[in-house]
Participant: 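Provided herewith is a single structure, encoded as structure tokens, for subsequent inquiry.
Each chain gets a letter, A, B and so on, in the order the sequences are listed, and its residues count up from 1.
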Amino acid sequence: MKLKILFSTLIAIVVVMTSGSTFAIETDGMNQASESYIAKKETLTAIEYLQFMQKSYKELNYELLYLNSLQSQVEPKQLIHGVVDDQEIAYFRFLNGAMRESLQYSGKISYFEQGTQAYTLESTLNRSVFANIANFDYEKGQDSYEYIILGKGRIAGKQAIAIRMISKDEYRYSYIVWLDVDSYLPLRLDTLNKSNLILDQVMVVSLLISEKVSPWLDKLSKQQLPQLLNLPQASQKEKSEWAINWLPTGFNVVRNDQHKLVMHNNEPVSYIMLNDGIVSVSIYISAKKITLDEKQKVIQRGATVLYTYQKGDIEINIIGDIPVVTAKRLIESISKVK
Amino acid sequence: MKDNNEQLSTLIDNEIIDHEVCESQLLDELITNKRQQAQFSRYHLVGDVMRGEVVDQFINIDISQQVMARIEKQAESAQVVTPDTPVYAMKESNNIVSFAKRFSQYAIAASVAGIVVLTSIVTSQPGIENNEPGIEVLNTVPFGGAVAPVSLQASHMQSKQAIKEHNERLDALLKDHQLQLQTQP
Amino acid sequence: MNERDLDFQLIQRIQNGEQQAFTLLVKKYQNRVANILTRYVRNNGDIADVAQEVFIKVFNSLPSFRGDSAFYTWLYRITVNTAKNYLTSQGRRPPASDIDAMEADSYDGSDALKESDDPEGILRSQEIKNVILDTIKLLPVELKSAITLRELEGMSYEEIATIEDCPIGTVRSRIYRAREAIDKQLKPLLED
């Protein structure tokens, strides 16, 4: 009985957390059967759930149909994942509008789009929809996040469990991860700011798991890929002339170079990339081209921020899924290497 | 001869039945035989005219020869650079140029879409998390929220051209950011 | 895409290095491509050039074409994109969306003659069109009906056989006979 009360409370919390979204929590699903089901799995802690999710996301053969909601736009997408010859293979496409597809396999990712020539890049990091939470080191992540089991609900027709990753400070966003109780595959991911507003949401609407790898993936794994393109590497050996003197907990500098903007007249920029295992932040330092009316300018879309700051003849731009306050503090900490 | 044309007519309708005749043989013939190709073109022209999918100035024109000539020329110039010749520097710069052309909008669609920055109507409201004066916060619409669109030009003195240039640069930065993510170590 | 589809077979051959097969795709689709281009390219003299661009692009992108959508759909997209690039290079704004372009048929062929147009060529084209359409009018009703269902409605032989209540072999022969009857009038016109 106590257990039941506890659950109702948890569900109430979940409802509060997600109010404003169109999503309904199944409150009457607490029948005998599912209660005993939870009892069976009750031994799992939040972090164990998350770690099982990582394993499933990498090892299972599955197909996800999901919606990506950003502000008022909803974009339906498809991901087919499998394992061929002990290697992960992932096929992704947009379901509406022009054909836009990608294929990631054996250290390469290829992009196909109607009307433009397809190309391939070297990329070892999984780029699929839940990859950031599936690659995260949750053990280490305890320095920056707290993991809490929120409660149960139903997503894409599956029993799901919600786990909240709460940021321990104001410098990163928090997340709610919903997992399929049976397979542990992720079913929904909400990105929340500190006022608990949902900034970005990915929601699975259909999940199919199969014993064998999809024949389509099997066929694709044997397909010849489009031409491999190399990024301009020339200047990447040189470090940027700038240093970041403050980093939020868990973040590391993963790139530090000078390169050219191939999409913008090969303009040279100093570049630093930060990463905490979930999000990556790009910092560009360059000569000021146009003086803005304001010294600082912020553009936000969903969880992503683009922060522009001008000082003297220097312009700094920060791009990444971080709160404005983090971008601001990062900029304040930048100094020229003597 | 007549039989042959009937097969051609069936072939263009995708109605050749396997056991009847070997389709690949028909194709072999069609690819090499100019007379059959002319027939093929005329059969298609009939359909195009019936559907009204023709342009008066174009009916008489056949661009296939020019196209094939250009393809052959292109293949020849591509063969000049064989993988074995040590011209890496040149190859890389070619690669970069073509990359800038090929890098598609789609690749960045997953994150901040460049279009948001480039559209002239930008929604504006006080920052959700940051209300400090002097910081202009654009487009901070929370999930499902809505604000009235305000023109960026209308609220500021900045010249249209400067804003356009600045936005183009931001767009390039967003694309570069996406590119860095894609090739992250 | 159907394995039996002619486009599919041609593309497979091209992907396997048999470049010549591309001639047939150009011959098959050039009129349709030109027709799409008229919605964007107002200067008729440029249509042949832009159409060439389209087919070169198609050829270069073929290695990545996997056939999970119809070839024509894909070709259509490339045509529209090429046309838009052309407009941009001419300093003109492309129509706001494809839908606009599709509905913009109003200024299709109805535009008044421009100086650059070749009146003789147009007369000849009119003649070609008239010969085709007039011959169809005079065809025996079962031939007319078979070729119309095929070309205008895009029906398969099997579907036509059901509608006309006759064997598939008959449909095949009727369509061929209709085409031959038209071709008899058309061929001399194109050959001189």
Participant: Less than 4.5 Å to any heavy atom of chain B: does that hold for the side chain of C/Arg13, its backbone, both, or neither?
Facilitator: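 Side chain of C/Arg13 only, per the 4.5 Å heavy-atom cut-off to chain B.
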Participant: Any idea which of B/Ile61, B/Thr32, B/Val49, B/Leu45 has the most non-hydrogen atom pairs under 4.5 angstrom with chain C?
Facilitator: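 Highest number of pairs under 4.5 Å: B/Val49.
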Participant: Side chain from CB out, backbone as N, CA, C, O: work out which of these in C/Phe59 comes under 4.5 Å of a heavy atom of chain B, or both, or neither.
Facilitator: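 Only the side chain of C/Phe59 comes within 4.5 Å of chain B.
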Participant: Salt bridge between C/Glu151 and B/Arg51, side-chain N to carboxylate O under 4.0 Å?
Facilitator: yes
Participant: Whether the side chain of B/Asn33 engages the backbone of B/Glu29 through a donor-acceptor N/O pair (distance < 3.5 Å, no angle test) should be reported.
Facilitator: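 No, B/Asn33 side chain to B/Glu29 backbone: no donor-acceptor pair under 3.5 Å.
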Participant: Does any heavy atom of chain C fall under 4.5 Å from the side chain of B/Met68, the backbone, both, or neither of them?
Facilitator: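 Answer is side chain: those atoms of B/Met68 sit under 4.5 Å from chain C.
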Participant: Return the CD1 to OG1 distance between C/Ile36 and C/Thr79, rounded to the nearest 0.5 Å.
Facilitator: 4.5 Å
Participant: What residue in C/Ser173, C/Ala34, C/Ala51, C/Ala178 has the most heavy-atom pairs under 4.5 Å with chain B?
Facilitator: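 Among the listed options, the one with the most contacts to chain B is C/Ala34.
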Participant: Does any backbone or side-chain atom of C/Thr135 lie under 4.5 Å from a heavy atom of chain B? Answer side chain, backbone, both or neither.
Facilitator: neither
Participant: Tell me, for B/Phe40 versus chain C, whether the close heavy atoms (under 4.5 Å) come from the side chain, the backbone, both or neither.
Facilitator: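 Only the side chain of B/Phe40 comes within 4.5 Å of chain C.
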Participant: So which part of C/Arg150 gets closer than 4.5 Å to some heavy atom of chain B, the side chain, the backbone, both or neither?
Facilitator: side chain
Participant: Quick check for you: among C/Arg32, C/Gln30, C/Arg177, which has the greatest number of heavy-atom pairs under 4.5 Å with chain B?
Facilitator: C/Gln30
Participant: Would you mind telling me which of B/Ser9, B/Ala38, B/Ser41, B/Gly47 has the largest number of heavy-atom pairs within less than 4.5 Å of chain C?
Facilitator: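 Heavy-atom pair counts peak at B/Ser9.
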Participant: Would you mind telling me which of C/Leu37, C/Ile132, C/Leu24 has the largest number of heavy-atom pairs within less than 4.5 Å of chain B?
Facilitator: C/Leu24
Participant: Looking only at side chains, do C/Glu159 and C/Ser156 share a donor and an acceptor under 3.5 Å apart?
Facilitator: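 Checked: C/Glu159/C/Ser156 side chains pair up, N/O donor to acceptor below 3.5 Å.
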Participant: Flag the pair B/Asp13 and C/Arg179 as a salt bridge only when some basic side-chain nitrogen lies within less than 4.0 angstrom of an acidic carboxylate oxygen.
Facilitator: yes
Participant: Short question: side chain of B/Glu53, backbone of B/Asp48 - any donor-acceptor pair under 3.5 Å?
Facilitator: no
Participant: Tell me, out of B/His44, B/Gln65, B/Gln39, who's got the most heavy-atom pairs with chain C below 4.5 Å.
Facilitator: B/His44
Participant: Any Lys/Arg nitrogen of C/Asp134 or C/Lys129 sitting under 4.0 Å from an Asp/Glu carboxylate oxygen of the other?
Facilitator: no
Participant: Between B/Gln37 (side chain only) and B/Leu30 (backbone N and O only), is there a donor and an acceptor less than 3.5 Å apart?
Facilitator: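 Flag set: sc B/Gln37 to bb B/Leu30 pair under 3.5 Å.
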